[in-house]
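Notes for the one structure printed next.
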Amino acid sequence: MTSHPLRDAAIVGVCNSRQARLLEEDNSETIALRAALGAVADAGLTPRDIDGVIGTGGATDFIYQNRIGPVWRSMSGAGIPAVLEAASAIAAGFATTVLIAAGTAGAYTERAATAPWTRPSHEFVAAFGMFTAAEFALVARRHMEVYGTTTESLATVAATIRNNGHVNPEAVYHGRGPFTPQDILDSRMIADPFHLLDCAMTSEGGCALVLARAEVAGDLANPPVFVLGGSTDHYGPAYKNPPSFDLPGRGDPRLVNGWAGRAAAQRSFAMCGLGPADVDVCEFYDPFSFEIIRQFEAFGFCAEGEGGEFVLGGTIGEGGRYPVTTDGGLMSFSHAGAQAQMLQRPLRAVQQLRGECPTRQVEGAEVAMCSGGGAGALFTDVMILGTERP
Amino acid sequence: MTLLEPQHGAIPHPYPSPISRPFWDGQARGELLYQRCEVCGLSTHTPALVCAHCGSPELTWVPSTGRGTVYSWTVVWRPQTPAFTVPYAPIIVELEEGWQMLSNLVGCEHDAVHVGLPVEVVFHPLADGVTLPYFQPRALADE
């Protein structure tokens, strides 16, 4: 086997800034900058060690305020693509130590409407009252029709993830539970089949990661975490076209939009010679409860249509075989706009692999899978992280 | 049960792009238009520069029968903005010519919507001359 293309990079620093429903003392630049400084410190590095930066706003303020130019810089979208690009940039020699930072603060002040980033103004969606919950509902409802997936399965996902946040002191909704699946079903309807508690919250906060060369990563403050595999599946712009489950791609019916993330998962597993059975913890992106069910199917943890059964019986909860979204995710930990929360699945995966989660730590976790996006947004990003250098 | 009705508030209006202008001009005339490929004969929506099936740029605007079935649906109870009256029902319609579009279902009770429901287009004029395509249930016996 040829050497792994990303073996020369490791994630060495992570930081979530404070997360809250509204952060009035900050703006989006300062909250991202706070997270950036925190991630560099977490790595045991100083800002002068950073010679590559991915992000906008506070990420570029980090360059200026620390006077660390010239640095390599990219505007790659935050989340998994940014982590993959940072690792690639280190492998290619563009930089040795790359910061990724994002944040939102002081933005969600108009509570009568859904959060601004959930309701794009495109001509073929806006007039029909579309927003993210309705977009993802159209995907979920089709799956329920075809496979008989039940609202009980959706509610089980929501209760599981919300209970992970309930016990997490850093979660915005810490102490809001515990929830039973019936509690989810009893919450008011938002966009059928999604009740209020099936949906992500809206909040504010920052998030940052630092990647460094594997050769030096072992000498830093925390155990290195390696990128074992990753890829991204995109079908076009989000929230602009009908979010059809059967939106065709290149002609393979197994790769329609409803299975977004399948090809990415297959490529990710192939990069490291692993499969779903090797995954210890699933830090999956949870904009809506159904999306977790869909991802388990798309990523190959169970067959098409079996995700509803798969999530029942404790499989995805504490002590289960595939614990999911262990900090409370978008539903209970935080959902800070369009960027920061996309980094928080990789961040939580790193914390799990370091064994440092104060709550819901999966004992001995060595392989973590994380995701971003969802079929309602016409994309799904996938990444596999591990404790062992590939 | 609540009757699904057209929106009458100050909802966001569509702003045509250079590609989509014929679609909205058709709406004003009471025509639901889609793009048909002169090479492969298949249909494309949303408006595009190339055929979704064969990539040909030879697309022609033609009228749809406006008939189709509900491919997927939701009923919204928490509106996008206060300009919308709830409940309303976003649907993806599968048109007879083999293309899908997003719309709202009107003219029936909110719990009458289901996948496979036969529907037909109805045109709903907004305040400033823009016309929206909504869909309502149709009786199969009419055909």
Subject >> Closest heavy-atom pair and its distance - Thr65(B), Glu97(B) >> reply: N-OE2, 2.7 Å
Original post:
Under a 4.5 Å heavy-atom cut-off, does chain B meet the side chain of Pro248(A), its backbone, both or neither?
Top reply: neither
**OP:** Using non-hydrogen atoms and a 4.5 Å limit, figure out which bit of Phe194(A) sits close to chain B: side chain, backbone, both or neither.
**Re:** neither
Subject >> Results of side-chain hydrogen bond (donor to acceptor under 3.5 Å, both in side chains) for Thr60(B) - residues two or more places apart only >> reply: Glu38(B)
Subject >> Pairs of heavy atoms under 4.5 Å with chain B: top-ranked of Ala126(A), Gly129(A), Pro242(A) >> reply: Gly129(A)
Original post:
Between Ile161(A) and Val324(A), does a side-chain contact (heavy atoms from CB on, under 4.5 Å) hold up when you go through it step by step?
Top reply: CA-CA 7 Å; Ile161(A) 292 175; Val324(A) 73; 4.0 Å; yes
**OP:** Evaluate the criterion side-chain contact (heavy atoms from CB on, under 4.5 Å) for residue pair Phe84(B) and Ile11(B); output intermediate values, then yes/no.
**Re:** CA-CA 6 Å; Phe84(B) 284 85; Ile11(B) 63 170; 3.8 Å; yes
Compile the donor-acceptor pairs, distance criterion under 3.5 Å only, formed between chain B and chain A.
residue, atom, partner, partner atom, Å
Ser20(B), OG, Glu123(A), OE1, 2.7
Ser20(B), OG, Glu123(A), OE2, 3.1
Trp24(B), NE1, Glu123(A), OE1, 2.7
Thr46(B), OG1, Asn241(A), OD1, 2.5
Tyr71(B), O, Arg142(A), NH1, 2.9
Tyr71(B), OH, Ser244(A), OG, 3.4
Tyr71(B), OH, Phe245(A), N, 3.3
Tyr71(B), OH, Asp246(A), N, 2.9
Tyr71(B), OH, Asp246(A), OD2, 2.5
Ser72(B), OG, Leu138(A), O, 2.6
Ser72(B), OG, Arg142(A), N, 3.3
Thr74(B), OG1, Asp192(A), N, 3.2
Thr74(B), OG1, Asp192(A), O, 2.6
Val75(B), O, Asp192(A), N, 3.0
Trp77(B), N, Ile190(A), O, 2.7
Arg78(B), N, Ile190(A), O, 3.4
Arg78(B), NH1, Ala112(A), O, 3.1
Arg78(B), NH2, Arg111(A), O, 3.4
Gln80(B), O, Thr114(A), N, 3.2
Gln80(B), O, Thr114(A), OG1, 3.4
Gln80(B), NE2, Met130(A), O, 2.8
Tyr88(B), OH, Gly129(A), O, 2.7
Gln100(B), OE1, Ser244(A), OG, 2.8
Asn104(B), ND2, Phe128(A), O, 3.1

Original post:
When heavy-atom pairs shorter than 4.5 Å are enumerated against chain A, which of Gly116(B), Pro79(B), Pro90(B) gives the highest number?
Top reply: Pro90(B)
Original post:
By a 4.5 Å heavy-atom criterion (distance strictly below it), what part of Pro87(B) contacts chain A: side chain, backbone, both, or neither?
Top reply: neither
Subject >> Heavy-atom contact with chain A under 4.5 Å, split by part of Pro12(B) >> reply: both
Original post:
Do NZ/NE/NH1/NH2 and the carboxylate oxygens of Glu96(B) and Arg67(B) come within less than 4.0 Å?
Top reply: yes
Original post:
Quick one: side-chain contact (heavy atoms from CB on, under 4.5 Å) partners of Ala238(A), sequence neighbours excluded?
Top reply: Ala377(A)
**OP:** Enter the distance from Phe135(B):CZ to Leu102(B):CG here, rounded to the nearest 0.5 Å.
**Re:** 10.0 Å
**OP:** Look only at the side chain of Arg36(B) and the backbone of Gly41(B), and say whether a donor-acceptor pair between them is shorter than 3.5 Å.
**Re:** no
**OP:** Quick one: do Ile190(A) and Val76(B) satisfy side-chain contact (heavy atoms from CB on, under 4.5 Å)? Show the steps, please.
**Re:** CA-CA 6 Å; Ile190(A) 300 296; Val76(B) 172; 5.9 Å; no
